[in-house]
Asker: 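Below you will find the structure I want to go over with you.
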Number of protein chains: 2
Amino acid sequence: MPNSSVNEDYLKAIFYLGRDGSRVQTTALARQLGVSKPSVTSMLKRLAGKGLVDYSSGQGATLTEEGRLATMRVVRRHRLLETFLVEVLHLDWSEVHAEAEVLEHHLSARMVDAIDRLLGHPSEDPHGHPIPDAQGRLRTRELVPLGDLAAGERGTVREVRTAQSGRLQRWKELGLVPGAAVAMRSKQDLEDVMHVRVGDRELATGTEGVDGVFVEREE
Amino acid sequence: MPNSSVNEDYLKAIFYLGRDGSRVQTTALARQLGVSKPSVTSMLKRLAGKGLVDYSSGQGATLTEEGRLATMRVVRRHRLLETFLVEVLHLDWSEVHAEAEVLEHHLSARMVDAIDRLLGHPSEDPHGHPIPDAQGRLRTRELVPLGDLAAGERGTVREVRTAQSGRLQRWKELGLVPGAAVAMRSKQDLEDVMHVRVGDRELATGTEGVDGVFVEREE
DNA sequence: CCAGAGAGTTAGTCATGCCTAACAGCTCAG
DNA sequence: CTGAGCTGTTAGGCATGACTAACTCTCTGG
């Protein structure tokens with residue numbers, strides 16, 4: 001039995017919520033997926049039955065190795081799709097997430113290969129997320145939230161993490177896209193205001209406004 | 001509620017089986033869709049409840065106007081997808097049907113428009129099937145099965161109708177593709193053998209071998 | 001110490017689609 | 001005219017994945 005669409009959504013959510021190594025809580029999954037807590041409990045049991053997650057009542061869930069591989073295949077499809085939608089179909093950077101979210105569950109291996117080939121085997125998607133390779137390996141980088149830069153520090157935007165198209169649109173207008181050079185000018189932590197140079201423009205913002213923008217620190 | 005994937009498969013099947021204007025039988029649908037007859041009965045009731053088909057017990061089913069429009073939207077997505085898979089992703093003519101069969105249920109209006117635009121608003125798919133326009137209008141043509149040509153008659157291949165990739169592959173090798181000029185040389189009806197000129201090649205075949213190849217008669 | 005907030009579970013339901021078993025009605029061959 | 005072979009239906013069940021109601025458990029604050 002291949003994984004169903006819903007199935008894959010749970011795996012992805014467990015993957016993202018458990019990135020810090022912690023076990024993923026029922027409530028966190030319910031919130032993330034927009035379903036009730038009992039739905040999560042019952043689904044975790046089924047996923048455990050399929051060998052995709054480790055789960056014991058009340059202790060949260062983690063992916064098994066098999067579950068992690070299955071998740072990487074979904075993430076690979078998602079990120080290749082986003083790249084494809086932007087590069088080939090010329091859809092907007094800020095809109096492609098929702099499309100990819102649906103289609104990622106329905107692409108055959110043949111189509112994934114064809115897209116990968118057409119795009120020249122890209123290593124990251126338009127938002128800077130690394131694309132897992134066909135073996136499920138995912139490149140990792142040392143990134144920090146833009147807001148974590150100290151005054152005077154410089155860096156380069158590498159990833160923008162959000163599923164909200166409005167935020168993406170704003171960041172695009174501000175020049176906060178992967179590759180952009182940034183420099184933290186000053187921070188007033190008490191008022192939650194920071195001044196950041198983005199390319200050759202100045203930006204004043206609160207932490208919330210750039211939450212999800214990740215940069216590589218300049219050495 | 002949008003139509004589910006299964007839902008759309010039933011509508012398509014009713015559309016194709018009912019092209020001749022007849023009401024579509026439960027058994028025919030069950031065979032076409034590979035499900036049991038009771039499944040069909042129960043689904044027809046639900047489709048009738050949604051106003052997509054006319055159905056009364058024991059009398060077969062037909063599409064309502066609303067059902068026909070919904071079907072045209074699916075057919076449009078399917079045929080645009082096939083064209084796209086061949087033209088852009090360079091998948092083989094004979095393989096794309098299965099892919100399109102899945103994806104047709106999951107394309108947003110935005111993606112359909114993007115594909116349509118990228119392809120330059122094509123009027124037919126790689127197998128020669130007309131693509132319904134965005135308003136659900138479907139061009140109709142006077143086509144006859146290749147095997148119906150009388151000895152001496154000429155024509156042009158316009159559509160190849162089959163979901164079997166092996167048949168498509170064979171026809172491609174034989175040159176039986178949309179646009180090909182054909183001429184019926186001779187027919188031995190008793191032995192079910194006909195000799196057809198395809199482009200500049202000679203082909204000897206039985207009716208079965210070219211069942212699904214439709215031609216436009218030369219005036 | 002105990003009340004309330006949260007986390008998490010069980011129990012019971014529902015909708016969607018699928019299945020088999022059983023039965024009813026029609027038609028046609030012998 | 002009778003039974004075999006269709007057609008099609010009803011009835012009852014199953015898996016998936018969701019829900020609400022109601023419960024337990026644990027932790028924390030007063």
Side-chain angles (χ1 to χ4, degrees), chain A residues 1-18 20-63 67 70-71 74 101-102 104-106, chain B residues 1-15 17-18 20 22-63 67 70-71 74 101-102 104-106:
Chain A
M1 281 306 110
N3 295 323
S4 77
S5 167
V6 174
N7 220 300
E8 293 181 341
D9 284 335
Y10 274 84
L11 293 180
K12 271 189 4 179
I14 295 167
F15 175 73
Y16 284 119
L17 294 173
D20 53 4
S22 66
R23 299 186 74 83
V24 179
Q25 296 187 315
T26 304
T27 304
L29 273 172
R31 192 166 37 234
Q32 174 80 11
L33 293 165
V35 300
S36 69
K37 291 185 288 179
S39 298
V40 173
T41 299
S42 110
M43 185 54 107
L44 286 180
K45 285 181 187 168
R46 268 178 291 179
L47 291 174
K50 292 179 184 174
L52 296 168
V53 308
D54 275 327
Y55 167 72
S56 50
S57 194
Q59 302 309 119
T62 55
L63 294 176
T71 308
V74 183
E101 202 65 31
V102 174
E104 64 185 5
H105 305 299
H106 306 288
Chain B
M1 281 307 110
N3 294 323
S4 77
S5 166
V6 173
N7 219 299
E8 293 180 342
D9 284 335
Y10 275 83
L11 292 181
K12 271 189 5 179
I14 295 167
F15 174 73
L17 294 173
D20 53 4
S22 65
R23 300 187 73 84
V24 179
Q25 295 186 317
T26 303
T27 304
L29 273 172
R31 191 166 38 235
Q32 173 82 10
L33 293 164
V35 299
S36 70
K37 290 185 288 178
S39 297
V40 173
T41 300
S42 109
M43 185 55 105
L44 286 179
K45 285 181 187 168
R46 269 179 289 178
L47 291 174
K50 293 178 184 175
L52 296 168
V53 307
D54 275 327
Y55 167 71
S56 49
S57 195
Q59 303 309 119
T62 54
L63 294 176
T71 309
V74 184
E101 201 64 31
V102 174
E104 65 185 4
H105 305 299
H106 306 287

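Values below: all heavy atoms of this structure, side chains included; hydrogens, waters and symmetry mates excluded. Lettering follows sequence order; numbering is per chain, from 1.
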Asker: Would you tabulate the side-chain donor-acceptor contacts of residues 29-44 of chain B under 3.5 Å, counting partners in other chains and residues two or more places apart, or write 'none'?
Answerer:
unit_1: Ser36(B); atom_1: OG; unit_2: Ser39(B); atom_2: N; d: 3.4
unit_1: Ser36(B); atom_1: OG; unit_2: Ser39(B); atom_2: OG; d: 3.0
unit_1: Thr41(B); atom_1: OG1; unit_2: Lys37(B); atom_2: O; d: 3.3
unit_1: Ser42(B); atom_1: OG; unit_2: Arg46(B); atom_2: NH2; d: 3.3

Asker: Considering non-hydrogen atoms only, spot the tightest contact between Asn3(B) and Ala70(B) and give its length.
Answerer: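 Closest approach of Asn3(B) to Ala70(B): ND2-CB, 3.8 Å.
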
Asker: How would you label the contact of Ser57(A) with the nucleic acid (heavy atoms, under 4.0 Å): base, sugar-phosphate, or nothing?
Answerer: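 Counting heavy atoms under 4.0 Å across all strands, the contact made by Ser57(A) is with sugar-phosphate only.
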
Asker: About how many Å separate NZ of Lys12(B) and CG of Leu17(B), when rounded to the nearest 0.5 Å?
Answerer: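 So the CG of Leu17(B) and the NZ of Lys12(B) are separated by 11.5 Å.
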
Asker: If you look at every heavy atom in Asn7(B) and Lys50(B), which pair is closest and at what distance?
Answerer: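 Heavy atoms only, the tightest pair is ND2-NZ, 2.9 Å.
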
Asker: What is the 5' to 3' range of DNA chain D, first to last nucleotide, that sits under 4.0 Å from any heavy atom of chain A?
Answerer: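 Going 5' to 3' along DNA chain D, contacts run dT16(D) to dA21(D).
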
Asker: Nearest heavy-atom pair of Gly67(B) and Leu11(B): which atoms, and what distance?
Answerer: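 In this case the closest contact between Gly67(B) and Leu11(B) is O-CD1, 4.4 Å.
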
Asker: Not counting sequence neighbours, which residues clear side-chain contact (heavy atoms from CB on, under 4.5 Å) with Ser22(B)? List them please.
Answerer: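 For Ser22(B) the side-chain contact (heavy atoms from CB on, under 4.5 Å) partners, ignoring immediate neighbours, are Asp20(B).
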
Asker: Checking side-chain polar atoms at under 3.5 Å, does His105(B) have a donor or acceptor matched by the opposite partner on Asp9(B)?
Answerer: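 Indeed, the side chains of His105(B) and Asp9(B) share at least one donor-acceptor pair under 3.5 Å.
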
Asker: Protein within reach of the bases, or only the backbone? For nucleotides 24-29 of chain C, mark each nucleotide 5' to 3' as B, S or -, using heavy atoms under 4.0 Å.
Answerer: ------

Asker: When you measure from the side-chain N and O atoms of Thr26(A) to the phosphate of dT9(C), is any distance below 4.0 Å, counting only OP1 and OP2?
Answerer: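 For dT9(C), OP1/OP2 do have a side-chain N/O of Thr26(A) under 4.0 Å.
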
Asker: For a quick check of understanding: with a heavy-atom distance under 4.0 Å over all strands, which category does Thr41(A) fall into, base, sugar-phosphate or nothing?
Answerer: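 The residue Thr41(A) makes base contact.
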
Asker: Just the rounded figure in Å: distance from P of dG17(C) to NZ of Lys45(B).
Answerer: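 It is 16 Å, rounded to the nearest whole Å.
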
Asker: Which part of the nucleic acid does Ser42(A) contact within heavy-atom distance under 4.0 Å: base, sugar-phosphate only, or nothing?
Answerer: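 Counting heavy atoms under 4.0 Å across all strands, no contact is made by Ser42(A).
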
Asker: Would you say dT16(C) has OP1 or OP2 under 4.0 Å from some side-chain N or O of Tyr10(B)?
Answerer: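 Indeed not, no polar side-chain atom of Tyr10(B) lies that close.
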
Asker: If you compare all heavy atoms of Glu104(B) against all heavy atoms of Glu8(B), which two are closest, and at what distance to 0.1 Å?
Answerer: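 Minimum heavy-atom separation between Glu104(B) and Glu8(B): O-OE1, 4.3 Å.
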
Asker: Strictly below 4.0 Å, heavy-atom distances to any atom of DNA chain D: list the hits from residues 30-40 of chain B, or just say none.
Answerer: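 Here the set is Lys37(B), Pro38(B).
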
Asker: When rounded to the nearest 0.5 angstrom, what is the spacing between OG in Ser4(B) and OH in Tyr10(B)?
Answerer: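 So the gap between those two atoms works out to 10.0 Å.
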
Asker: How close or far is atom P of dT16(C) from atom CG of Leu47(B), stated in whole angstroms?
Answerer: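 Those two atoms, CG and P, are 11 Å apart.
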
Asker: Just the rounded figure in Å: distance from C1' of dC18(C) to CZ of Arg46(B).
Answerer: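 From Arg46(B) CZ to dC18(C) C1': 9 Å.
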
Asker: Enumerate donor-acceptor pairs with a distance under 3.5 Å from any side-chain N or O in residues 52-62 of chain A to protein atoms, sequence neighbours excluded.
Answerer:
none

